[in-house]
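Single-structure report; data block below.
Count residues from 1 along the sequence. The basis for the numbers below is simple: all heavy atoms, side chains too, and nothing from hydrogens, waters or symmetry mates.
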Amino acid sequence: MTLSALRDDALRSSPERSGDVPGVSAGTEVRLSLPWIRSLPLASLLDPVVHVGGRRYDPVIVLGDRRLAAADLADEEGWWYLQDRVVLEIPDATTPGIHEVSVSFRLEIPYLPGGPDDPLRLPFVFTRELERDATASSVSGDVGRDVTPDVARDAAGDAAHDPEELS
């Protein structure tokens with residue numbers, strides 16, 4: 001069974017950036033979950049392509065405030081954790097409502113051999129109808145963008161030392 005890469009809230013308007021027209025989205029984001037059983041380096045995501053409403057896009061990868069071409073992920077040292085999603089941004093804003101979204105990519109599994117001198121590279125294609133800006137219960141964040149307060153607090157050790165924080 002393949003893990004779902006497009007969750008109910010995967011399609012959303014890009015947030016406004018400085019220089020954008022207030023209240024107008026500059027594009028659309030597709031938040032891609034990792035369809036593998038363990039975390040992988042960001043460089044494992046190869047050749048992502050997004051189709052929305054039948055139109056093909058070569059997305060930009062959004063890592064926090066940075067935007068990278070997909071080929072530039074090869075130089076990234078970060079990790080794609082199971083609970084996180086990689087943000088694929090396309091330039092055209094979608095209209096409110098339901099859209100057919102398809103994402104194809106290859107996933108390189110660096111610790112499994114795929115040939116005499118190459119790691120395993122698996123092709124994936126996920127297609128489903130998604131509502132733009134739908135909400136869903138989730139504990140996932142976006143790679144390079146979100147850190148949940150609980151994770152940050154636990155990492156700092158505050159939760160173990162301050163019982164008031166837990167109430």
Kindly check if the number of other-residue, nucleotide or ligand heavy atoms within 6.0 Å of CG (Asp65) is above 12? no
Common cluster, [X]/[Y], ILVMFWY with side-chain heavy-atom separation under 4.5 Å:
X	Y	result
Phe126	Val49	no
Tyr57	Val60	no
Trp79	Ile61	no
Tyr111	Leu107	yes
Leu63	Tyr81	no

Would you call Arg38 and Ile109 a side-chain contact if the rule is heavy atoms closer than 4.5 Å? no
Got Val87 and Arg12 here, is their nearest side-chain heavy-atom distance under 4.5 Å? yes
Could you measure the distance from the [atom1] atom of [X] to the [atom2] atom of [Y]? Nearest 0.5 Å is fine.
X	Y	atom1	atom2	answer
Leu34	Ser4	CG	OG	11.5 Å
Leu6	Arg128	CG	CZ	7.0 Å
Glu89	Leu68	CD	CG	11.5 Å

Between Arg85 and Asp9, does the side-chain contact (heavy atoms from CB on, under 4.5 Å) criterion hold? Intermediate values first, please. CA-CA 11 Å; Arg85 295 190 253 183; Asp9 61 345; 2.8 Å; yes
Return all side-chain donor-acceptor pairs below 3.5 angstrom for residues 39-48, not counting sequence neighbours, or 'none' if the list is empty.
from, atom 1, to, atom 2, distance (Å)
Ser39, OG, Leu82, N, 3.4
Ser44, OG, Pro41, O, 3.1
Ser44, OG, Glu108, O, 3.0
Asp47, OD2, Arg106, NE, 3.0
Asp47, OD2, Arg106, NH2, 2.6

Evaluation steps, side-chain contact (heavy atoms from CB on, under 4.5 Å), between Arg55 and Ile90: CA-CA 11 Å; Arg55 186 167 176 198; Ile90 58 175; over 6 Å; no
Taking Asp133 for its side chain and Ser13 for its backbone only, find out whether a donor-acceptor pair lies under 3.5 Å.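 Flag set: sc Asp133 to bb Ser13 pair under 3.5 Å.
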Determine yes or no for a side-chain-to-main-chain donor-acceptor pair under 3.5 angstrom, with Arg7 supplying the side chain and Ser33 the backbone.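 Checked: no pair found.
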Considering the options Leu11, Asp92, Val50, Val52, which one meets the side chain to side chain contact (heavy atoms under 4.5 Å, CB included) requirement together with Thr28? Leu11
Looking only at non-hydrogen atoms, find the nearest pair between Ser14 and Glu29 and report the distance.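 Minimum heavy-atom separation between Ser14 and Glu29: OG-CG, 3.5 Å.
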Would you be so kind as to tabulate the donor-acceptor pairs closer than 3.5 Å made by side chains of residues 96-103, with sequence neighbours excluded?
from, atom 1, to, atom 2, distance (Å)
His99, NE2, Thr95, O, 2.6
Ser102, OG, Thr127, OG1, 3.0

Parallel, tilted or perpendicular: which one describes the rings of Trp80 and Phe105, with boundaries at 30° and 60°?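 Aromatic pair Trp80/Phe105 classed tilted.
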